[in-house]
> 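This is the structure I want to talk about, given as structure tokens.
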Amino acid sequence: MKMIDTYRPATHVAALLLATCSSGALAQDGDRVPPRDDILVVGRGGGALDRPSATGSRLGLTPLELPASVATVDGDAIRARGDLTVVEAVSRAPGITAAANAGNGNTALAARGFVGQGSVLQLVDGIRLFPVAGTITFPTDPWTVERIEVLTGPASVLYGQGALGGAVNVVSRAPSESARDDAELSYGAQDTWHVAAGTGGPLVEQLGYRLDASYRRSDGWVDRGDNHSLALSGALRFAPSERLTVMLRGDYGDVTPMRYWGTPLIDGRLDSRNRRRNYNVADADIRFRDDRQTLVAEWKVSDAVTLTNAAYRLASKRSWYDLESYAWAPAAGRPNGVIERSDNLGIVQDIAQYGDQASVKLSAPLGGGLANDLVLGAEVNRVNLRYSNNFAVADQADAVDPFDFAPGTLEDRAATLPRYRTITTEWSIFGEDRLRLSRRLSLVGGFRYEEDGVRRRNILYDAAGAPAGEANAFSGGAREKRFRDATWRVGTVYQPAQSISLYAQYATGVDPVGTLTTFTTSATQFAFTNAKGDQIEAGAKAALLGGRVNVTLAGYRIVKNDLVAQRVTNGPLEQIGRQSSKGIEAALLLALAAGFSIEANGTVLDARFDDLLTGDADLSSNTPPDVPERAGNLWLTWESRRGVRAQAGLRHVGARFVDSTNSARVPAYTVADGGLSFALTPALAADVRVYNLFDTRYVTSTYGAAQWLLGRPRSLDVALRARL
């Protein structure tokens, strides 16, 4: 397939940056916009290099003190830009792109050449989420987000298996020391509504609270694309003393996403005539529900000793009932051909996840300019899963006209029955250490030992479809598959000045083969181990002129071994493959004169299979699917002294191959967004937001080689925002 030509935005972005910088010097104390305290003022994640990052380390270090790439996307900035989902928000961070579709919960990401829930780990408030069949559906709404922190590169030493590409940590809004109430009401294209409110602050001297609620609904941008979601969040923080805090929080999400699995190519290309067609059946139903509680306690025993414990429970129920696969085919007497529909899937996942994480931090001056910080801890997790499907029944298939058809309904929905149960357990011990050798030089290292186990039982049925008991699904009488992995990292940071860092790091990591919680335990897969990898990274960071200039630059190489490969057709599957990526990531924030600011980031990488065989095909030197080798973001903001803010941004994602054979690829795209905000009063603003200004037809993800998910067309939304 020939790739659709697109322009290269790098030249345009560079020219725009130069033009903006040349039009005015960096803001100095005499020409900066005076500090304001009104609704237009938002935080900017790019200025967080000197603030502690909970994601990059448990030691309380800032990104300047870490030998790793850590970026922050501020929650207020997310809401001011109008990002509709957490994935939209986090993909504005350096090196992160979306690989989301309804099958993975619309949450999968790509980072540094690696894709999906098995390589890019997702966390909430520092606690990992265990995917089921490659799916995660929580958190559900950016309204409840305080900030999103991104650690690119291996994070297994901090969080365990499934983090070779990186880790994304969504930090929830929490009680604050001062009262804050905010709300939003918006309406726009595709009959899109958003109603949200939040309140928080102190109840009494030692007790604070935070409550948030957000409801969204839309008709979507395809036929029968209606969708809606509800997110609720609440937290209480009790601080009986300056040294002890206890926080209890609960979160709930209920999402019915678009029942849209993509637009099939017609004769090998996108056809504008079916841009809004949805080939799913009329009674398709997808729903994700997540209910989470956490209890976190922190006790500063002394200036040298801090104890922390976090316990949680997450219950999830996810269901899919729909017809998911569509392929165009020529047909006699049908000049437009037909769309062949298949895969009437019914899937239900019932999940209960529990865990506890405890750690102690020890800080000590060693004299002579030396100092040491050490964290030691342990973590346990358990995931109970009941997995239902209809895979045992005959497939529903038909052929419809590409442009004029009756969607029809599902057949035999009742055949979706519980098929197996798994119990997944994990325990680990971990440690991190920072040895400060001098005011300028420090060493940072860490280790983790982890054991994961999965036990699976199949649920049997008799000829009449009645439950007939459970059978052990493990071959050879084995009752459990266990994985044992040790990972570590070591790095050094040199700071020629307090606001400038040069660093280098070596880190190891592990990824599961498939998804741990749905490990099949077949005779072949039972012998597999986790895939192992390592990374070398070096870079520089600087926060200059009081944070008005922030620059980060990183170069890296990651190698992942033990990929599943097949030497010959019909031969055994073996862990003999290897994959690698090398690249550069950069980010820049400039606060200019007269209220102008620029945030820009970009990544260039080379990802490939170094050694991969599938049957008689040698895929070595091919690019892994869903991996763009070019990506970048640019965001310009202007704030006036008279309560007006204008903002505009570009999001660029490079071309991606749709499969490992590299038989076809999705074209690159660049989408422009923007908005105007007017402060009607210091506490009330009106926003006008434009998405996809030039109505670019772009592909956000794929579901099969010739079934592409299209992004939102040009849309205009208006909003009222209040903050007290």
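Residue numbers start at 1 and run along the sequence shown.
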> Indicate yes or no for a side-chain donor-acceptor contact from T135 to the backbone of G103 under 3.5 Å, with no hydrogens or angles considered.
yes
> On a heavy-atom basis, which atom in A98 and which in S91 lie closest, and how many Å separate them?
N-CB, 4.4 Å
> Using atom types as modelled and distance alone, determine if a side-chain donor or acceptor of S428 lies under 3.5 Å from a backbone N or O of E450.
no
> Let's go through T518 and V132 carefully: what are the C-alpha distance in whole Å and the side-chain angles of both, what is the deciding distance for side chain to side chain contact (heavy atoms under 4.5 Å, CB included) to 0.1 Å, and is it a yes or a no?
CA-CA 6 Å; T518 48; V132 171; 3.8 Å; yes
> Would you find a donor on one side and an acceptor on the other, under 3.5 Å apart, between the side chain of D50 and the backbone of G547?
no
> What I want to check is whether the side chains of E537 and Y503 have a donor and an acceptor closer together than 3.5 Å.
yes
> Do S176 and R210 meet the criterion of a side-chain donor-acceptor pair at a distance under 3.5 Å?
no
> Determine whether T152 and Y556 make a side-chain contact, defined as any pair of heavy atoms from C-beta on separated by less than 4.5 Å.
no
> Quick one: salt bridge (Lys or Arg N to Asp or Glu O under 4.0 Å) partners of R173, sequence neighbours excluded?
D182, D212
> Restricting to non-hydrogen atoms, name the atom on S442 and the atom on T492 that form the minimum distance, rounded to 0.1 Å.
O-OG1, 3.2 Å
> Over all heavy atoms of both residues, which pair between L59 and K361 is shortest? Give the atoms and the distance, please.
O-NZ, 2.8 Å
> One thing to verify: whether R112 and E585 come together as a salt bridge, which I'm taking to mean a side-chain N less than 4.0 angstrom from a carboxylate O.
yes
> Restricting to non-hydrogen atoms, name the atom on Y354 and the atom on N384 that form the minimum distance, rounded to 0.1 Å.
CE1-ND2, 4.2 Å
> Decide if atom CD of Q498 counts as having more than 12 heavy atoms of other residues, nucleotides or ligands within a radius under 6.0 Å.
no
> Take V90 and L109 through the test side chain to side chain contact (heavy atoms under 4.5 Å, CB included) and record every step on the way to the result.
CA-CA 9 Å; V90 73; L109 301 167; 3.9 Å; yes
> More than 12 non-hydrogen atoms from neighbouring residues, nucleotides or ligands closer than 6.0 Å to CH2 on W299, yes or no?
no
> Under the 3.5 angstrom rule, does the side chain of Q505 hit a backbone N or O of P67 as a donor-acceptor pair?
yes
> Considering only heavy atoms from C-beta outward, does the side chain of V454 approach that of I423 to under 4.5 Å?
no
> Salt bridge check, E379 against R448: does any charged N sit closer than 4.0 Å to a carboxylate O?
yes
> Is a side-chain donor-acceptor pair under 3.5 Å present for Q353 with Y312?
yes
> Looking at I536, I'd like to know if its CD1 atom is crowded, meaning that more than 12 non-hydrogen atoms belonging to other residues, nucleotides or ligands lie closer than 6.0 Å.
no
> Is it true that a side-chain atom of D433 and a backbone atom of G445 form a donor plus acceptor pair closer than 3.5 Å?
no
> Side chain to side chain contact (heavy atoms under 4.5 Å, CB included) for I351 and L314? Distances and angles first, verdict last.
CA-CA 8 Å; I351 308 140; L314 172 64; over 6 Å; no
> Is any side-chain heavy atom of Y506 less than 4.5 Å from a side-chain heavy atom of D534?
yes
> Does any part of the side chain of S580, heavy atoms only, come nearer than 4.5 Å to the side chain of R557, both counted from C-beta?
yes
> Just jot down the salt bridge (Lys or Arg N to Asp or Glu O under 4.0 Å) partners of R292, sequence neighbours excluded, or say none.
none
> Please give me the minimum heavy-atom distance between A540 and L502, naming the atom from each residue.
CB-CD2, 3.6 Å
> Please check if the side chain of H652 supplies one atom and the backbone of Y669 the other of a donor-acceptor pair under 3.5 Å.
yes
> Would a distance-only check, ignoring hydrogens and angles, find a side-chain to backbone donor-acceptor pair under 3.5 Å from K481 to F528?
yes
> Taking D511 for the side chain and L164 for the main chain, is one N or O donor matched with an acceptor at less than 3.5 Å?
yes
> Checking E629 side chain against G654 main chain: does a donor-acceptor pair fall under 3.5 Å?
no
> State the CG-CD1 distance between L553 and I584, to the nearest 0.5 angstrom.
6.5 Å
> Would you compute the distance between atom OH of Y494 and atom CD1 of I500 and round it to the nearest 0.5 angstrom?
10.5 Å
> Charged N to carboxylate O under 4.0 angstrom, R128 versus E426?
no
> Is there a side-chain contact between Q579 and L612 (heavy atoms, below 4.5 Å)?
no
> So does R249 pair up with D251, basic N to acidic O under 4.0 Å?
yes
> Is there a donor-acceptor pair under 3.5 Å between the side chain of T515 and the backbone N or O of T517?
no
> Is there side-chain contact between F130 and Q161, with at least one heavy-atom pair below 4.5 Å?
yes
> Take a 6.0 Å sphere around CG of L362 and say whether it holds more than 12 heavy atoms from other residues, nucleotides or ligands.
yes
> Using side-chain heavy atoms (C-beta onward) and a distance below 4.5 Å, is E65 in contact with V444?
no
> Can you name the nearest heavy-atom pair linking R482 to G453, along with the distance?
NH1-CA, 3.9 Å
> Run through L151, V375, L66 and flag the one making a side chain to side chain contact (heavy atoms under 4.5 Å, CB included) with S57.
L66
> Does either side chain, that of N530 or that of D562, offer a donor lying less than 3.5 Å from an acceptor on the other one?
no
> Is the shortest side-chain heavy-atom distance between E298 and T306 below 4.5 Å?
yes
> Mind checking the CG-CZ spacing from N372 to R434? Nearest 0.5 Å is all I need.
9.5 Å
> Run the numbers on L605 and V627 for side chain to side chain contact (heavy atoms under 4.5 Å, CB included), then give the verdict.
CA-CA 10 Å; L605 63 91; V627 173; 4.1 Å; yes
> Verify whether the ring centers belonging to Y449 and W488 lie closer than 6.0 Å.
no
> Show your working on side chain to side chain donor-acceptor pair (under 3.5 Å) between D373 and S363 and close with a plain yes or no.
CA-CA 4 Å; D373 295 299; S363 301; 2.6 Å; yes
> Counting only heavy atoms from other residues, nucleotides and ligands, does the tally under 6.0 Å from NZ of K532 exceed 12?
yes
